[in-house]
Structures are given as C-alpha cells and as structure tokens.
Amino acid sequence: MNLLSASHLSDWHIMGALALAGLAGPLLLPALATQIAFLWLMVVFALTWDMLGGRMGYNSFGNIVFFGIGCYAAAVVQRDGGLPYFEGLASGLVVGAVAAVLAALVFGAAMLGIRGHYFAIGTLGLGIAAGEIAAGWDYVGAGSGMALPLYPGELGSREIFFCYSLFALAALCFLVFRWLYGTRFGLALNAIRDDHDKADAMGLRTTPIKIFAWSLSAFFLALSGGLTANMIGFIDPRDVAFAGATFGVWMVLMAILGGKGTLWGPVLGAFVFHIVQELFWTYLLGWQRVALGLLIVVIVVFFPQGIMGWWAARRLRATS
Amino acid sequence: MSALLEVRNVTRRFGGVVANNGVSLTVRQGEIAGLIGPNGSGKTTLFGCITGTHAVDGGDILFEGRSIAHLRSAPIARLGLLRTWQQTRVYSEMTCAENMAISAREAQGGLLSLLRSVPVSTRRKGDDLLAFAGLHEKRGDKAGSLSFGQQKLLEFAMALMNEPKLLLLDEPTAGINPTLINGLIDRLRRANTELGVTLLVIEHNMRVIMNLAHRITCLAHGEVLAEGPPEAVRADARVLDAYLGVA
C-alpha cells in the first residue's frame, strides 16, 4: 500500500537535488542568477504564506507588509548607519527582522482574533495602508522610494551573492518549517484550521500559537525583503516593498497552485509559477499580464487543491 | 461523594429569551449524572455556560470549589472539564491518530512545550483509546471521512485522551445506529469506572439515560423541573407532563 516508498522519491532525495541545484545553478548559469534568486524568493513567499493560509487556515493578504518592512529597515539602516556595505546589510537584516516580528506581534494580537473572510479583508487593508504610508513618508523617500548602497564587488558578483543568500534563506525557512510541522505545534496549527472552537474547547493556547506562526512568517519575509531590496538596488513603496498586487497575490497563488498545507506544495508551486511567469515574459511580451491572469484563472478553476492535491486524488483513483 | 461541579442559580438570556433561568445542579465526584428535558429546555445552553462558550448573566459555577463562571473555554478545559458536541466536532482534515495526539494533555502547554514531536507514549495511548472506541483500523484515515457515528466515538476518545476530571457529553447516542448503542453505553460506563472520569450526559434516549445515570436532572423551559434517582424522575408527573403535554 505504501505508494511513496521504493519507486518514489523521499524528502531527502528531493532536498539533496534542490541543494545541488541551488549551489551549482548560479555557477552554471550566471546569466540567470537574478532569475534564480527570484525563484528562491518566491519559495520563501509561498512557504511563509502557507504557514498561515495552508496550515492554520488564516488567509492573509497582508504578509507583504513584513517583506516591505524588511526592505525599508535595510535601506534605512544602510543609509544612516554609516557602516561598510556588508556590516550595514547584516545590521539592516537584523533590524528588519526584529521590526517585522514586533509588527506581527502587534497586528497578530489585534487581528488574529478575526476569522475567515474578515481576516483576509483586514489583512488586505493592512498591506494597502502600509504602501500608502511609505509612499507619503519623507523619511523613507516617500513616493520616489529609496536607493540602496552599491554592492562593492565586481560586475556580476552581486547577482551571484544574492542568489546564494536567498537560496540559503529559502533552505533555512524550509528546514525550520519542516521541523515545526513535525511537532505538536504543527498539529496545533492544523487543529486551529479544522475547528478553531474545538481547539479552544480542548484547552489549546490558540492565541499565542497563531501569533507565533505569524511572527515566524514575518521573520523570514523581512529577511527576504532586506536581501531583495539590496539585489534590486532600489525600492519603490508600491511596486517593490509593499507590492500587494504582484508579490502579495503571488504568495497566495503559488501556495494554492502547489497545494496548500502540504510540505512540498508551496515549493512546487513557486517553481511552476516562477518558471511559467518567466516564459511568459520572454515569449509573450506585451501579453504577459494577460497570460498571467489566465494562468491564475486556470489555477483556481482546475487546481483548487493544488498540484499535490490533484496528484493525490489521481493516485487514489488509480489504486481504487 | 463530594461535589465536583456546582451550578448555582445560573441564568442565561439570548435577547428576550431566557434559556436558563436560575438553574442549579450538582455533579458529584465519580458519578454519571444525566440531564434530560424536552427540546429547547436549555440543556445545551447550560453546557455552553459551564464550559465557557456562553457568559452567564447571573449565578455562579463552581468546579472543584472554584468559580469558573467568568473563565473562557480554553482555561476551563485545562482545569480538566471538557465537553463534546451534539453535532460532532473533530479535526476533519487530520487523521484519527493526529486528532488523538493533539488532544493529549501536554498539547495544552505553552509554546515551548509544543515545539517537540509527539512522544511514543502519547501515540501509544492514542492508539489504545482508538482501539477502545473501536476505531483502531481507522487510525490513518482523515477524521472527516468517518461516518457520523464514528466521529462521535472519535470525539469521545479525544476527550478521554485529555484525561478530564469531568466530561460533559451532549447526546452521545443521537444519530448512532441503534445496534451500536449498547456498545456505547458500555464504553461510557468503562470510562467512568476504569478511567475515573465523572460524566454529565445530555440524552434524549430514555432507555439509555435510565440505564446509565446514577442521578438525573430534568430541565423544562430553562428551569429545573425535577431531580433525583432515575426511577423517581421517570415517575414524576411533572416530567411526564413536560415531555408529553399531559394535563
């Protein structure tokens, strides 16, 4: 009955292959380093969204806020800190992560008591508000955004550096989440998703569990924000940092496409989505947004349970 | 026997409807207490008041001598007072074994204690209780795929996993295949005698509750109508009147 054994790949095989790809990719295909870096960013996006949306049943459209906080924290620390590039980057990442976790604690205490669609709408407002605040705040460059300091290395090395950094972050995020989902905490998240009132009535400490989950997502998102801002070299309040209409929506889509609430679903979703998107940009230029919109419709209509869910259902049908 | 739960003059209103009007009842340590009454008499509301889902508008509720009337449901559960629902509540996308694991007492701990995997002893205990409920072969199935009756049994097993001192059961036999009811009564009794769980059972099936309970309280229109040993309550003219409307 065990269909996953023997002929199929184990987690460790897939992780090993991905680690190899992550390490060798930028060296073999240096021209694609930026695209590969964005792929790892997408993996972080999908994984962090899935912790709430997939595992815990809280569909957040505001996770982009933590990414944006990471972008801006790095930019401000690097601008005002007077530190050399890498020290500045490291301090910016730390400050961003702390700020995002604090924000998650505050927003979480205020918003995680709201359930279902109301939480989704509330967080959507959070993301939009953050973009508007950043766009009107002179200290962070208001509508004209902020430029990050120049990367000190030689031409082309910046892409490689951030490609590896984002790979390391995605890998760390995956391993931490994978471990967490194997603990009681992972079960508690699922219990909250399946029946919140029951979880309360069984004595689970649901509020701290939910806030911790969001804080953890915020932590990884902020780190990804600081790295991405430095890779791009410039942050626009609405198009990069608090890009709710692109990054913010993609997070949700990738997790759903791959299969939310599964270990590999978000990773798979990020890969498929990112590669398809890159192909659209290359071969359908001018129509890429139309094609992307159609892809979104196809995902929602034909893969409501994601690729993993579709695959599991197919296997079930094949065996019965 | 000392009182484990004391409900004192509890009143609960929903708008203009008084669902519980000065209800008092006592559940003694170690017994099986029954709660009966016609539909709409306020039984489930009383469960909600006791377990913290409804705030009480008046009166007090003591569990082991301590007032719990103003606690929420999670802290009440952590004191060892649990309930099940008339319409079952299980974690439908999780397997039966996972449902059991997350119902263990240690899952009620703080965040740090949650960051550990489920110990083998807990898994084993979950398996044993699933076997007790007759669900062992379903342990890997999603709880949502079980039949209604099986979900009731699972919910009962989940509650036992938590080792409560007092368990409130809301119509445990409703919707269960009549041929399985005797087995269920037997399991409720064994939970009481072997596992030492005190039970307060809402039940419409008179045969079941008369067999099971040591003492019965009958509610009607939100008030206590009668209370005492099963035979006495069954013979009480007011109880017959409330159920059958005989003048």
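Below, chain A is the first sequence line, B the second, and so on; all start at residue 1. Because only heavy atoms are used, hydrogens play no part in the values below, and waters and symmetry mates are left out as well, while side chains stay in.
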Please answer whether the main-chain N or O of A/Ala191 pairs with a side-chain N or O of A/Lys198 as donor and acceptor at a distance below 3.5 Å.
->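 A pair under 3.5 Å: no.
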Ignoring hydrogens and angles, tell me if any N or O in the side chain of A/Arg193 forms a donor-acceptor pair with the backbone of A/Gly54 under 3.5 Å.
->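 Pair found, side chain donor or acceptor close to backbone of A/Gly54.
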Heavy-atom distance under 4.5 Å to chain B: side chain of A/Leu204, backbone, both or neither?
->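 For A/Leu204, the contact with chain B is made by backbone and side chain together.
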Sort B/Leu111 into side chain, backbone, both or neither according to what part of it lies under 4.5 angstrom from a heavy atom of chain A.
->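 For B/Leu111, side-chain heavy atoms alone lie under 4.5 Å from chain A.
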Given a strict heavy-atom distance threshold of 4.5 Å, which part of B/Ser103 is in contact with chain A: side chain, backbone, both, or neither?
->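 For B/Ser103, the contact with chain A is made by backbone and side chain together.
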Options B/Leu79, B/Leu115, B/Thr122, ranked by heavy-atom pairs under 4.5 Å with chain A, top entry =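 Of the options given, most contacts go to B/Leu115.
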Geometric cation-pi criterion B/Arg89 and B/Trp85, 6.0 Å radius, 45° cone =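 Yes, B/Arg89 and B/Trp85 form such a contact.
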Beyond-backbone contact of A/Ile121 with A/Phe61, side-chain heavy atoms, under 4.5 angstrom =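 A/Ile121 does not reach A/Phe61 side chain to side chain.
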Can you name the side chain to side chain donor-acceptor pair (under 3.5 Å) partners of B/Asn177, sequence neighbours left out?
->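 So B/Asn177 forms a side chain to side chain donor-acceptor pair (under 3.5 Å) with B/Thr179.
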Name the option with the most non-hydrogen atom pairs under 4.5 Å to chain B; the candidates are A/Pro208, A/Gly203, A/Gly182, A/Ala199.
->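 The candidate making the most pairs under 4.5 Å is A/Gly203.
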